[in-house]
Amino acid sequence: MPVYDRGYTHWEPTGGRAYPAWWVIAKRGIAEPLKKRWLLVLTLAAWIPAIIKAVMIYFKLQAGDIAELLVGNYASIDAAGFLSFMEVQRFFVFVLLAIVGAGLISTDRRDNGLSLYFSRPLGLASYIGGKAAIIMFFYAMVTLFPVYGLCLYAYNIAPDASGLELLFLIPLRATVYWLISGASISLVLLAFSSLGKRSVFVMVWWTIMVMGTETIGTIGKSLLQNDAFEALNFLGNYHNAAAGLFSSGPRLDVSPWVSLVVLLAWTFAAVLVLRKQIRPVEVVS
Amino acid sequence: MEGLVIKVNRSENGTDFGITVSNLDFAYAKDPVLKGVDFHLDKGAVGLLGPNGSGKTTLLRCLLGQVPLKSGQVSVLGWDMANRARIARTGLGWMPETGGIIPDMSGVAVVAYMGELSGMPARDAMQRAHEVLHYVGLGDERYRPCDKYSQGMKQRLKLAQALVHDPEWVFLDEPTSGLDPRGRISILELIKDLAKNKGLGVILSTHLLADVESVCQEILVLRDGVLMTQQHVDAGAREPRQVFEVEGFGNDEAFLAGLNALGAEVTRDKRLMLVTLDLTTVSGAATDSGFDTGAGVKAILGVATNTDYALRRLRRRPVTLAEEFYRMVEA
């Protein structure tokens with residue numbers, strides 16, 4: 001009998017597999033933005049630095065030490081070189097995550113969507129986990145996946161490349177870095193998203209968080225001759241804290257441990273904000 | 001197999017599909033909203049009535065386990081909502097009064113998404129989404145972005161997402177809010193069909209008493225967070241004191257004397273007589289479930305026959321839910 005003739009029928013499960021709620025949220029949250037062509041173009045544009053690095057790696061292999069003088073360690077295929085690459089990607093991280101992440105919770109708050117989500121059998125952890133997974137996917141698109149691609153490319157064209165290093169250790173370090181930094185960045189961005197009901201305000205706060213803290217850190221260090229200001233640099237702290245993981249020198253003029261403590265504080269604050277803000281009921285005083 | 005599991009294990013013991021609330025107190029910060037609420041509901045259509053701010057929506061949120069329960073007990077489908085709310089919600093549908101749609105998605109995508117979040121396999125959820133959207137009358141509009149829907153369509157979409165996982169109970173918060181009369185009747189017909197023909201439990205929270213009268217068999221009335229009454233929707237018809245409208249011509253004095261002999265009180269409004277009769281004094285009126293108003297009609301008819309009074313109208317004056325409601329909340 002055609003669907004439109006059946007009226008209301010009771011659901012008879014077919015025995016298919018049901019996925020956990022966080023996966024359902026993440027799947028939909030990743031698929032919807034990718035339907036927008038301009039966002040897909042932006043995501044692909046984020047691979048341009050990777051293509052440039054690939055060209056530089058090739059150029060360095062052909063021209064040797066002269067090329068080293070011209071391109072610096074950007075063409076390096078050791079762990080530190082890949083950390084530098086992810087540092088360069090911070091502009092795309094900032095822009096793409098702002099576009100994808102700003103509305104993730106604010107839109108649900110604006111449209112009373114939280115009430116719908118929490119009328120289903122899912123808890124706070126599943127909801128936040130699903131939303132964080134969306135941010136982490138796009139974060140991986142501009143950091144982790146290009147690193148995987150470059151490692152594979154470098155292994156194929158560099159005659160003295162170490163397979164252990166390029167096919168295992170560097171991808172592993174990059175994955176660990178992506179997991180930890182991605183989880184922290186996602187929670188902070190989601191906390192901002194949960195504070196408002198309009199995405200545009202969340203974007204403003206995110207801009208202040210990323211660009212503002214970097215600017216204050218740089219100006220504070222230059223004018224007041226105090227390196228401690230660099231600890232304010234939000235995204236810079238992630239690269240600085242990861243220096244040890246990538247066998248690199250510090251990226252800021254503060255200890256990586258200081259950066260780590262600052263980031264832990266931000267992440268902890270974000271968790272507190274999320275626990276307070278995400279409720280199925282809006283309490284109006 | 002998980003879809004099968006969530007469908008089968010909805011009631012904790014497999015037999016309890018009711019709702020029991022015991023001594024429930026709830027407060028937002030320090031503002032008490034519900035005070036000592038107690039009731040039990042078996043599956044059916046229940047109207048939740050009360051003035052603004054009486055705690056109707058909060059009570060529904062307690063039944064959904066959306067707010068932390070600190071005092072009292074709420075059991076839905078046999079599950080204790082203080083700590084097993086997530087399991088219980090596999091068998092509950094919720095239609096919020098405001099918002100409750102997810103923009104940038106088509107109607108069918110929203111409903112399927114909600115089905116998947118309820119634990120349905122993706123394929124089942126999509127198939128059910130098509131079915132329930134046809135059922136609520138959005139079959140032709142299901143591929144349109146839902147933020148472009150009219151108010152009536154949004155209400156139907158919200159009803160569809162509440163039904164997609166085939167819940168045991170649906171909680172509807174002001175489902176006819178903002179609808180034109182035609183849309184309102186249409187939504188009420190759907191709700192009535194769900195409750196009467198499809199075996200779903202429905203709690204209908206609304207300000208519109210006529211909506212409750214047309215759909216529900218039972219009502220809960222809240223005032224200032226206190227449950228004033230839980231009763232059958234036409235409980236007034238079972239009360240011992242009934243008012244009958246009588247109109248006719250003949251010997252008025254003899255007819256009135258006959259009514260007085262029955263113990264009736266009579267007031268006149270031009271030609272219309274309002275006869276208040278205590279059915280406890282009428283033989284054969286008392287039944288197991290209340291009082292038979294037919295016996296009162298027969299008694300008045302007997303007086304009219306004996307006094308040669310020609311009746312043009314004789315009927316029990318319908319006690320509307322509105323009259324009952326205002327009597328309760330203003331008491």
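Excluded from the calculations below are hydrogen atoms, water molecules and symmetry mates; all remaining heavy atoms, backbone and side chain alike, are included. Just so it is clear, the structure is predicted and the values come from calculations on it, not from any experiment. Protein chains get the first letters and strands the later ones, always in sequence-line order, with residue 1 at the start of each.
Judged by distance alone, the side chain of A:Asn112 and the main-chain N or O of B:Gly99 form no donor-acceptor pair under 3.5 Å. Side-chain N or O atoms of A:His10 include one that pairs as donor or acceptor with a backbone N or O of B:Lys198 at under 3.5 Å. At distances below 3.5 Å, at least one donor-acceptor pair connects side-chain atoms of B:Gln66 with backbone N or O atoms of A:Phe118. Here the side chain of B:Asp124 pairs no donor or acceptor atom with the backbone of A:Pro13 at under 3.5 angstrom. Remark: side-chain polar atoms of A:Arg120 are not paired, donor with acceptor, to backbone N or O of B:Ser118 under 3.5 angstrom.
A cation-pi arrangement is present between B:Arg128 and A:Tyr8 under the rule of less than 6.0 angstrom and at most 45 degrees off the ring axis.
In the displayed structure, A:Phe201 atom CZ is contacted under 6.0 Å by at most 12 heavy atoms of other residues, nucleotides or ligands. Residue B:Asn197 qualifies as enclosed at atom CG: its count of foreign heavy atoms under 6.0 Å is above 12. Residue-environment remark: CZ (B:Arg144) exceeds the threshold of 12 foreign heavy atoms within 6.0 Å.
Contact of B:Leu194 with chain A is made through the side chain alone, with heavy-atom distances under 4.5 Å. Proximity to chain A is limited to the backbone of B:Ala162, based on heavy atoms less than 4.5 angstrom apart. For A:Thr107, the part lying under 4.5 angstrom from a heavy atom of chain B is the side chain only. Only the side chain of A:Lys27 comes within contact range of chain B, with heavy atoms under 4.5 Å apart.
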Sequence neighbours left out, cut at 3.5 Å: what donor-acceptor pairs do the side chains of residues 133-142 of chain A make with other protein atoms?
from     : atom 1 : to       : atom 2 : distance (Å)
A:Tyr139 : OH     : A:Ser181 : OG     : 2.9

Using a 3.5 Å cut-off and no angle test, enumerate the donor-acceptor pairs between side-chain atoms of residues 203-212 of chain A and protein atoms at least two apart in sequence or in another chain.
from     : atom 1 : to       : atom 2 : distance (Å)
A:Trp206 : NE1    : A:Phe94  : O      : 3.1
A:Thr207 : OG1    : A:Met203 : O      : 2.7

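Contact check for A:Lys35 versus B:Asp104: no side-chain heavy atoms found under the 4.5 Å cut-off. A 4.5 Å side-chain heavy-atom check between A:Pro121 and B:His165 finds every atom pair outside the cut-off. In this structure, the side chains of B:Met114 and A:Ser119 stay at 4.5 Å or more apart for every pair of heavy atoms. Considering only heavy atoms from C-beta on, A:Leu116 stays 4.5 Å or farther from B:Tyr113 through its side chain.
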Evaluate side-chain contact (heavy atoms from CB on, under 4.5 Å) for B:Ile102 paired with A:Tyr117, printing each intermediate quantity in order. CA-CA 10 Å; B:Ile102 298 176; A:Tyr117 278 103; 4.1 Å; yes
Could you give me the CA-CA distance, side-chain angles and deciding distance for B:Glu116 and A:Arg28, then say whether side-chain contact (heavy atoms from CB on, under 4.5 Å) is met? CA-CA 11 Å; B:Glu116 280 194 77; A:Arg28 178 245 157 192; over 6 Å; no
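Of the residues considered (B:Met105, B:Met95, B:Lys158), B:Met105 shows the highest number of contacts with chain A, using heavy-atom pairs under 4.5 Å. Per-residue heavy-atom pair counts under 4.5 Å with chain A were compared for B:Val67, B:Leu92, B:Leu163, B:Thr58, and the maximum is reached by B:Leu163. When A:Gly113, A:Gly130, A:Ser115, A:Ser126 are compared by the number of non-hydrogen pairs under 4.5 Å with chain B, A:Ser115 comes out ahead. Interface remark: of the candidates A:Ala21, A:Gly103, A:Gly123, A:Gly123 forms the most heavy-atom pairs closer than 4.5 Å to chain B. For the set B:Leu117, B:Leu64, B:Thr57, the entry with the most heavy-atom pairs within less than 4.5 Å of chain A is B:Leu117.
Among residues 38-46 of chain A, no residue has any heavy atom closer than 4.5 Å to a heavy atom of chain B.
Residues satisfying the side-chain contact (heavy atoms from CB on, under 4.5 Å) test with B:Thr176, not counting sequence neighbours, are B:Leu179, B:Arg184, B:Ile187, B:Leu188, B:Leu208, B:Asp211.
The two residues B:Pro121 and A:Gly16 have their closest heavy-atom pair at CG-O, 3.3 Å.
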